[in-house]
Number of protein chains: 2
Amino acid sequence: MELHEPELREVPVTAVLAALADDVRLQIVRALAEGGEYACGTFEFGVSKATRSHHLKVLREAGLTRTRVAGTSRYVRLRRDELDRLYPGLLHAVLAAPDRVA
Amino acid sequence: MELHEPELREVPVTAVLAALADDVRLQIVRALAEGGEYACGTFEFGVSKATRSHHLKVLREAGLTRTRVAGTSRYVRLRRDELDRLYPGLLHAVLAAPDRVA
DNA sequence: GAGCTTGTTCGATGAAAGTCGAACATGGGT
DNA sequence: ACCCATGTTCGACTTTCATCGAACAAGCTC
């Protein structure tokens with residue numbers, strides 16, 4: 001299984017922003033920001049596992065997360081250091097943003 | 001002419017991010033970040049004026065810009081102070097991000 | 001007022017994105 | 001070996017979005 005995890009420098013800013021511009025993915029990122037690694041199944045945000053898998057792929061290919069394979073599970077974590085280095089302030093600003101339900 | 005300019009607090013973060021997650025709009029924001037006010041017609045980024053008008057509307061309704069009407073022209077400016085207050089670091093991070101063409 | 005300029009709005013169109021169920025792949029566990 | 005659990009991939013469907021030309025609105029200038 002090839003896990004495509006791009007260099008952050010090769011990802012257009014707009015792709016990073018687009019990855020964050022979705023409710024489900026933002027919830028995932030918020031959860032990831034809390035701690036270390038989470039199994040994919042951890043994220044139950046009212047979507048099917050197909051959809052969840054899709055969102056995790058988007059995050060991964062936008063350079064936001066890294067995935068470690070262990071058995072049948074995959075463990076996901078935020079690439080926070082790299083993100084902070086390349087986009088200082090961005091992650092903090094997004095995470096600190098108030099939760100708006102609409 | 002009613003110009004819909006929402007309170008920044010009422011705009012979901014995802015809407016702000018989505019507004020920034022487009023090449024044309026990001027170019028507009030970068031241009032606006034340079035100086036003060038610009039007439040809409042200033043922005044020639046290879047799109048028709050209908051499309052330009054659309055993007056400016058998206059930015060305005062995401063709370064990113066303010067528009068002043070003067071005759072047949074409209075002058076647009078970034079709501080930088082408000083943005084920095086509500087999302088400290090976000091604008092800087094986005095503007096400082098390297099221009100990636102591919 | 002006629003004409004020009006500036007900008008918005010109205011369809012229409014084509015592409016991208018979110019969502020799902022079902023099928024598939026893979027690796028335990030018993 | 002068989003089953004189960006975890007995820008991914010594959011269509012298919014729907015919604016959203018970027019884009020355009022054309023029509024419209026409003027104001028300036030002569």
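Throughout, a chain's letter reflects where its sequence line sits, starting with A, and its residues are numbered from 1.
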Open item on the list: Using the side chain to side chain contact (heavy atoms under 4.5 Å, CB included) criterion, which residues pair with Glu34(B)? Sequence neighbours excluded.
Closed with: Tyr38(B)

TODO: Select one nucleotide: of dT9(C), dG7(C), dG21(C), the one nearest the side-chain heavy atoms of Ser73(B).
DONE: dG7(C)

Open item on the list: Looking at Thr72(A), I'd like to know whether one of its side-chain N or O atoms comes within less than 4.0 Å of OP1 or OP2 on dG27(C).
Closed with: no

TODO: Provide, to the nearest angstrom, the distance between the NZ atom belonging to Lys57(B) and the P atom belonging to dT19(D).
DONE: 16 Å

TODO: Return the residues of residues 39-49 of chain A meeting this criterion: a heavy atom under 4.0 Å from some atom of DNA chain D. Order them by number, or give none.
DONE: Ala39(A), Cys40(A), Gly41(A), Lys49(A)

Open item on the list: Nearest whole Å is fine: how far is dT8(D) P from Glu61(A) CD?
Closed with: 11 Å

TODO: For Arg80(A), enumerate each residue passing the side-chain hydrogen bond (donor to acceptor under 3.5 Å, both in side chains) test, keeping only those at least two apart in sequence or located in another chain.
DONE: none

- [ ] Only counting residues at least two apart or in another chain, list the ones meeting side chain to side chain contact (heavy atoms under 4.5 Å, CB included) with Ala18(B).
- [x] Ala21(A)

Set out, line by line, the N/O atom pairs under 3.5 Å between protein and nucleotides 15-18 of chain D.
unit_1	atom_1	unit_2	atom_2	d
dA18(D)	OP1	Arg25(B)	NH1	3.2
dA18(D)	OP1	Arg25(B)	NH2	2.8
dA18(D)	OP2	His54(B)	NE2	2.9

TODO: Starting at atom CG of Leu20(A), determine the distance to atom P of dG18(C), rounded to an integer number of angstrom.
DONE: 12 Å

TODO: Measure from the side-chain heavy atoms of Arg74(A) and tell me the nearest of dG7(D), dT9(C), dC20(C).
DONE: dG7(D)

Task: Leu59(B) CG to dT8(C) C1', straight-line distance once rounded to whole Å - done: 16 Å

- [ ] Please state how far atom CG in Leu56(A) lies from atom C1' in dT9(D), giving the value in whole angstrom units.
- [x] 14 Å

Task: Under the side-chain hydrogen bond (donor to acceptor under 3.5 Å, both in side chains) test, residues paired with Arg79(A) that sit two or more places apart - done: Glu82(A)

Open item on the list: If the threshold is 4.0 Å, N to carboxylate O, is there a salt bridge linking Arg60(A) and Glu5(A)?
Closed with: no

Task: Pairs involving residues 46-59 of chain A, ordered by first then second residue, that meet salt bridge (Lys or Arg N to Asp or Glu O under 4.0 Å) (sequence neighbours left out) - done: Glu44(A)-Arg52(A)

Task: Main-chain N/O of Val69(A) paired with Arg74(A) side-chain donor or acceptor, under 3.5 Å - done: no

Open item on the list: Distance check needed: dG21(C) P versus Arg52(A) CZ, whole Å only.
Closed with: 13 Å

Open item on the list: My understanding is that only residues two or more places apart in sequence, or in another chain, count here; which of them pass side-chain hydrogen bond (donor to acceptor under 3.5 Å, both in side chains) with Ser48(A)?
Closed with: Thr51(A)

Open item on the list: Suppose we screen for side-chain hydrogen bond (donor to acceptor under 3.5 Å, both in side chains). Which residues come up paired with Glu61(A), at least two apart in sequence or across chains?
Closed with: none

Task: Euclidean distance, atom CD1 of residue Ile28(A) to atom P of dG7(D) [Å, nearest integer] - done: 12 Å

